[in-house]
Chemist: 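Sharing a structure with you now.
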Amino acid sequence: MGIKELRLSRVLNPESGKSVIIPIDHGLVMGNVSGLQNPVKTLEKLINIGIDGTLISPGIAKITTDLFTSKDAPGRILTMDLPLPSTIPGGSGDTIGHKLIADIQFAIRYDFDVVKVLLPWGEKENIQMESIEVVEKVANECDKWNIPLMVEPVLWGNSIPKEKKNDPELIEHASRMALEFGADILKIPYTGDETEFKELVNNLKVPVFVLGGPKMDNIEGVIKVAKESIEAGAKGIVFGRNVWQNPKMESLIMGLKEIVHKNANVEEVIKKYNLA
Ligand SMILES: O=C[C@H](O)COP(=O)(O)O
């Protein structure tokens, strides 16, 4: 096993080799987002429930090291960048840049297992180049220091029309580009068709994690995305808002763990954890 694989294994369940990751890095781009007004308390709860990994910002990393001392503590992924200002509350909606907010030395100092950057796609040329440079720079540093790099390609660019922001074909292109730029791990949305997603996961070769996105109307939808993604070969799920914005957070995580680690079916999990 290489050192990158060893580090990645710290965010995976040792028995199933799969992962339920609950990110709490949203404050970086959404500010005081609903459900995460107290990120440290939420993180404590998540750790008590039992998750395999989390994604956190540099600032939260600095104040939460004490929470990760137990041998069962989840692995940690560092969010290293920020697209500006499209997602900032009150922002113009146009992206005007893509900046690193931490470097690889920070990840090493704070003993992170994995680091993560975005690859915003479909931007005007200057911003697109900036994003490529961010990914390229971090990919080179990750190779130098043997830290696995998770890349999340996002179709946020101004040149991508609104109705195409979740287009499966564009997601496939952007994922492929992220791979070509040096991603060791990809974080992408489920494209909606299990057979096609299986082919995508298979072609990409590196471990694929599926993100959750904005809160869905029903829990069944959340569980189904997890189930179909895992069936299609995804290594794990990275679900944030759909988990900690849900009043049934604990039961939902228990259900997701059974889907991801024990191959449970959707109906049985909904019934067992009263998630209807
Ligand atoms: O880092 C955050 C990820 O994008 C996943 O969060 P989300 O499930 O709320 O989209």
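Atoms within each ligand, like the ligands themselves, are counted from 1 in listed order. The first residue in the sequence is number 1, and the count goes up from there.
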Chemist: Between Glu228 and Lys224, does any side-chain N to carboxylate O distance fall below 4.0 Å?
Modeler: no

Chemist: Check this for me: does any side-chain nitrogen of one of Asp143 and Lys4 sit under 4.0 Å from a carboxylate oxygen of the other?
Modeler: yes

Chemist: May I ask you to check whether Lys198 and Asn203 show a side-chain donor-acceptor distance below 3.5 Å?
Modeler: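 Side chains of Lys198 and Asn203: no pair found under 3.5 Å.
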
Chemist: Counting only N and O atoms by type, is there a donor-acceptor contact under 3.5 Å from the side chain of Lys205 to the main-chain atoms of Leu179?
Modeler: no

Chemist: Does His26 have its ring centroid less than 6.0 Å away from the ring centroid of Trp244?
Modeler: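 Yes, ring centres under 6.0 Å apart.
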
Chemist: So which protein residues pack against ligand 1 under 4.0 Å, heavy atoms counted?
Modeler: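 Only Pro23, Asp25, His26, Leu55, Glu152, Lys187, Gly212, Gly213, Val238, Phe239, Gly240, Arg241 have heavy atoms that fall under 4.0 Å of ligand 1, ordered by chain and number.
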
Chemist: Less than 4.0 Å between a side-chain N and a carboxylate O, is that true for Glu267 and Lys271?
Modeler: no

